[in-house]
J.: 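Let me give you the structure first, and then I'll get to my questions.
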Amino acid sequence: MKIAFLSPRLAENGAVGGAETLLFNLATLAARAGFDVEFLTTCAKSHFTWANELPEGEFIRDGVRVRRFPVDPSRNGELFMSLQIRVSGGETLSAEDEELWLRNNVRSPAMMEHVRATDPDRVVVGPYLFGLAVESSRLFPEKTILVPCLHDEPFARIGVVAEMFRSVRGFCFNTAEERDLAASLYGLGPGAGSAIASAVVGFALDDFTSSADRGRELAGCASPSPGGAAPYILFCGRREPLKGTPLLLDYWAAYRRTRPESRMRFVFTGSGEIERPEGLEGDIVDLGFVSEQDKHDLMAGAVAFCHASVNESLGIVLLESWLARRPVLVLASGRVLTAQTRAAGGGLWFRNCSEFITALDLIVERPDLAAALGESGRAWTLAGYSRESVASRLAALLSA
Amino acid sequence: MERWDVKIGADGSVDAAAVVDEIRRRAAERLKNGEYDLETLVRAERFNLSALKDNPEFFNGYLSGIHRVTQVDIGDWEIREKHSGLVGKLLIRLKRTIRSLLRFYTFRLWSQQNRANAIFHSSLSLLAERESEDLAKANARIAELERRLAALEKAGRA
C-alpha cells in the first residue's frame, strides 16, 4: 500500500513545529510497519518567509524516502499575512478573500503534480491551516487522511477549512479532545461523522534514561554551581504568548514574592524572548536550544514541568516529562493539556495564580506525591504512546 | 505549616482530580484569610483573561483586588547611587532636584490618570454588581415559576 505524507517542512534538529515533527514520526512508523512511504515536503526553511532555500531532490532519512518540492514561487507573502491578521482579529473573510488566503498560503503545485503522477493509496497531510492540506482535500478527497493538529482559534472557522473537514476520507487525531473539537466545529457528529476512517493516533515516543543530577548541573542549580543549589521549574519550547509563557512568568514571579524564602528558579529551553520580572532577573535560566538528552535530563531534575498553553492538540513535552518521571503543572483552561494530565494522573492543573502557588507549594512540600504523579504519568505514556501502540493505531487507520 | 490531606494509594496511584479539589479549597481559604497578597495576584493575572470569562468567583476576587493596582504610584521613592562619597551624595541631590522639577509637569497628568482609573473601576464594579443582581432576580423568578408549574401539574394529576 502506497502512502504519501505531505508536510510543510521536514523536522531538522528540533527546529520546526510540533505538527511537522509529528508527521515525520508517523511516516517512520508507517515505513517500519511495511507501508510503501514517501515523505513529501517543501524546500522552505523559514516559517516566516517560506523562501525556497533548500535544494529540490530526493534522499533517505531514517528509512523514509524524502522528496523536496518548491513552494509556489508566485506566492504573495505580504497579501497572505494581511489576510491572516484579519482572520486572527476575528474578521470573517469573503469567499473571494478566502480563495486569496488559500492561493497565497503554503502550497506546492509541483508536489501536488507528483502526488497525482504517483497515485498513492492514501495521502496523509497536515496541519489543517496550510494550503497543502486544503489542496490535497480538494484534489484527492477520497485518499486524504488529515492530521489536523486542530486548535480552537479563528483560522479553524475559515470556510474553506470547514469544507476540507467535511470532504476528506479520514482524520488522524492526536487526542479525543481534538476529535471532539472537530466534531463540534464542523458538525461531524460522533466519530467524525461521514469520514470513512478516523482515529486518535498520537505521537510515538521511545523510552529514555535521564539523570536528575546532570539536569540540575545543566540548569546551574546543583550545589557546586555559582548560584548554589536551588529547585527549579521548567518550560521547553517556543516562548510566546500563544504558548502561555508570559502568564507562567507572572505566576512564578508571584510565587517568589509570596514565598520570599524560596529560591525556586525558572529554567527555559527553546527559542523566543523572555520578559524577565523585575528583581528576579537572575533567577531565570535561559538555555536556548539544547539536545534531546539535555532536555530529558533537565526534565528529570525539575520540580515540575509547567505549561500554560490553551491551544494544543497534544502535549508531547508533557509525555517527555512523564518519561523523565516528573509531574506537570498545566493551566486548567487548556482543555487538551488538562485532559491529558487528568487521564495520566501525571500532574495538577490550576485556574489562576493563587491555585498555581498552592499547587507548587504542594509539589515542593510533598516530594512523595510529586514522584507518584510522575510515575503515574510515565506508566500512562508507556502504555499509550509506545512505538508499538501508536504504529498499530496508525496501521489500522491507513488500512481502513 | 498545614498538613496536606492528600493520599497516595498502596499501588502508588494518585487521584489527581481529588488533589486539585484540595488545592482549590486550600487556595480559596488562603485568599479569604489574606495569606496571599491580592495586589501581587491581580498583577499576575494580566494574561489569564479566559479565567475572568469562565469563572465568576475568580472574576469577583479579581475585581475586588484590581483597585489597588489601578492607582499610579506618584509618591517619592528612595534614590540609590552606585557612586559613594561626595560624588554619590551630589548625584542623589541632582536626581532629587530633577525629580522635583519633573513633578511640576507630571503630577497633573498622573492625577488625571488616577481619577480616570478610579472611574473605570467604579463603573466596572457597578456593572458587575447590577449583572449579579439581575441574575439573582432571574434565578429567583425561574424558581418561583418552576414551583408554580409543579403545583399546577400536581393539581392536574389529582
Side-chain angles (χ1 to χ4, degrees), chain A residues 241-242 244-259 275 277 308 310 327-335 338 341-363 365-366 368-380, chain B residues 1-66 69 73 77 80:
Chain A
L242 277 176
T245 45
L247 178 139
L248 279 180
L249 275 162
D250 282 349
Y251 281 15
W252 166 77
Y255 173 81
R256 284 293 306 267
R257 285 172 188 136
T258 306
R259 303 272 173 263
E275 193 191 326
V310 292
V328 302
L329 289 178
V330 298
L331 184 65
S333 50
R335 285 183 198 161
T338 302
T341 305
R342 183 192 283 267
L348 306 169
W349 47 99
F350 52 89
R351 292 176 299 184
N352 50 51
C353 187
S354 59
E355 290 179 6
F356 174 83
I357 295 171
T358 314
L360 199 48
D361 280 344
L362 172 61
I363 294 282
E365 288 166 27
R366 289 285 302 271
D368 58 331
L369 180 83
L373 290 168
E375 286 296 341
S376 171
R378 178 177 162 78
W380 187 79
Chain B
M1 193 173 284
E2 299 166 271
R3 284 186 65 78
W4 285 93
D5 184 25
V6 292
K7 306 265 186 313
I8 301 172
D11 57 349
S13 64
V14 180
D15 181 351
V19 178
V20 168
D21 285 344
E22 173 63 10
I23 286 168
R24 288 180 179 176
R25 191 193 63 73
R26 187 76 64 101
E29 199 176 275
R30 288 178 178 180
L31 263 177
K32 203 172 142 193
N33 297 340
E35 289 177 47
Y36 292 148
D37 175 41
L38 213 48
E39 186 176 334
T40 303
L41 295 185
V42 167
R43 282 187 194 280
E45 297 294 5
R46 59 187 172 141
F47 294 110
N48 192 15
L49 297 178
S50 58
L52 286 175
K53 185 164 65 74
D54 301 333
N55 185 346
E57 213 175 284
F58 175 73
F59 178 75
N60 290 336
Y62 186 83
L63 208 54
S64 64
I66 206 169
V69 294
D73 182 4
W77 68 96
R80 289 187 187 149

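The sequence lines fix the lettering, A, B, ..., with proteins before strands; numbering per chain opens at 1. All heavy atoms count here, side chains included; hydrogens, waters and symmetry mates do not.
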J.: Just verifying a value: how many Å separate Glu375(A) CD and Asp11(B) CG, rounded to the nearest 0.5 Å?
T.: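 The CG atom of Asp11(B) is 12.0 Å from CD of Glu375(A), to the nearest 0.5 Å.
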J.: Do you know the tightest heavy-atom contact between Arg43(B) and Asp250(A)?
T.: O-OD2, 4.2 Å
J.: Checking Ala254(A) against chain B: side chain, backbone, both or neither under 4.5 Å from a heavy atom?
T.: both
J.: Just so I understand: if I count every heavy-atom pair under 4.5 Å between each of Leu373(A), Leu247(A), Asp368(A) and chain B, which residue has the most?
T.: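 Of Leu373(A), Leu247(A), Asp368(A), Leu247(A) has the most heavy-atom pairs under 4.5 Å with chain B.
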J.: Might you point out which heavy atoms bring Ala44(B) and Tyr251(A) nearest each other, and give the distance in Å?
T.: O-CE1, 3.2 Å
J.: In Å, rounded to the nearest 0.5 Å, how long is the span from CD1 of Ile23(B) to CG of Leu362(A)?
T.: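 Taking CD1 in Ile23(B) and CG in Leu362(A), the distance rounds to 5.0 Å.
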J.: Do you know the tightest heavy-atom contact between Thr358(A) and Tyr36(B)?
T.: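 Heavy-atom minimum between the residues: OG1-OH, 2.8 Å.
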J.: By a 4.5 Å heavy-atom criterion (distance strictly below it), what part of Arg256(A) contacts chain B: side chain, backbone, both, or neither?
T.: neither
J.: For chain B, find which of Leu369(A), Thr341(A), Leu249(A) contributes the most heavy-atom pairs closer than 4.5 angstrom.
T.: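 Max contact count across the listed options: Leu369(A).
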J.: Just jot down the side chain to side chain contact (heavy atoms under 4.5 Å, CB included) partners of Glu22(B), sequence neighbours excluded, or say none.
T.: Trp4(B), Asp5(B), Val6(B), Arg25(B), Arg26(B)
J.: Can you give me the closest heavy-atom contact between Cys353(A) and Glu45(B), atom names plus distance?
T.: N-OE2, 2.6 Å
J.: Provide the closest heavy-atom pair for Arg30(B) versus Asp361(A) in the form atom of the first, atom of the second, distance.
T.: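 In terms of heavy atoms, the two residues are closest at NH1-OD2, 2.7 Å.
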J.: Evaluate the side-chain proximity of Asn352(A) to Leu41(B): yes if any heavy-atom separation is below 4.5 Å, no if none is.
T.: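 The answer is no; the side chains never approach within 4.5 Å.
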J.: Counting only non-hydrogen atoms closer than 4.5 Å, does Ser354(A) touch chain B with its backbone (N, CA, C, O), its side chain (CB onward), both, or neither?
T.: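 For Ser354(A), backbone and side chain are both near chain B.
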J.: At their closest point, which heavy atom of Ala16(B) faces which heavy atom of Leu348(A), and how far apart are they?
T.: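 Scanning both residues, the minimum pair turns out to be O-CD2, 4.2 Å.
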J.: State which residues pass side chain to side chain contact (heavy atoms under 4.5 Å, CB included) with Asn33(B); sequence neighbours excluded, sorted by chain then number.
T.: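 Per chain and number, Asn33(B) pairs via side chain to side chain contact (heavy atoms under 4.5 Å, CB included) with Glu29(B), Glu35(B).
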J.: Heavy-atom cut-off 4.5 Å, strictly under: side chain, backbone, both or neither for Ala332(A) against chain B?
T.: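 For Ala332(A), the contact with chain B is made by the side chain alone.
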J.: Closer than 3.5 angstrom, by distance alone: can the side chain of Asp37(B) be matched with the main-chain N or O of Thr258(A) as a donor-acceptor pair?
T.: no
J.: Tell me, out of Ile8(B), Thr40(B), Val20(B), who's got the most heavy-atom pairs with chain A below 4.5 Å.
T.: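 Ranked by contacts with chain A, first place is Val20(B).
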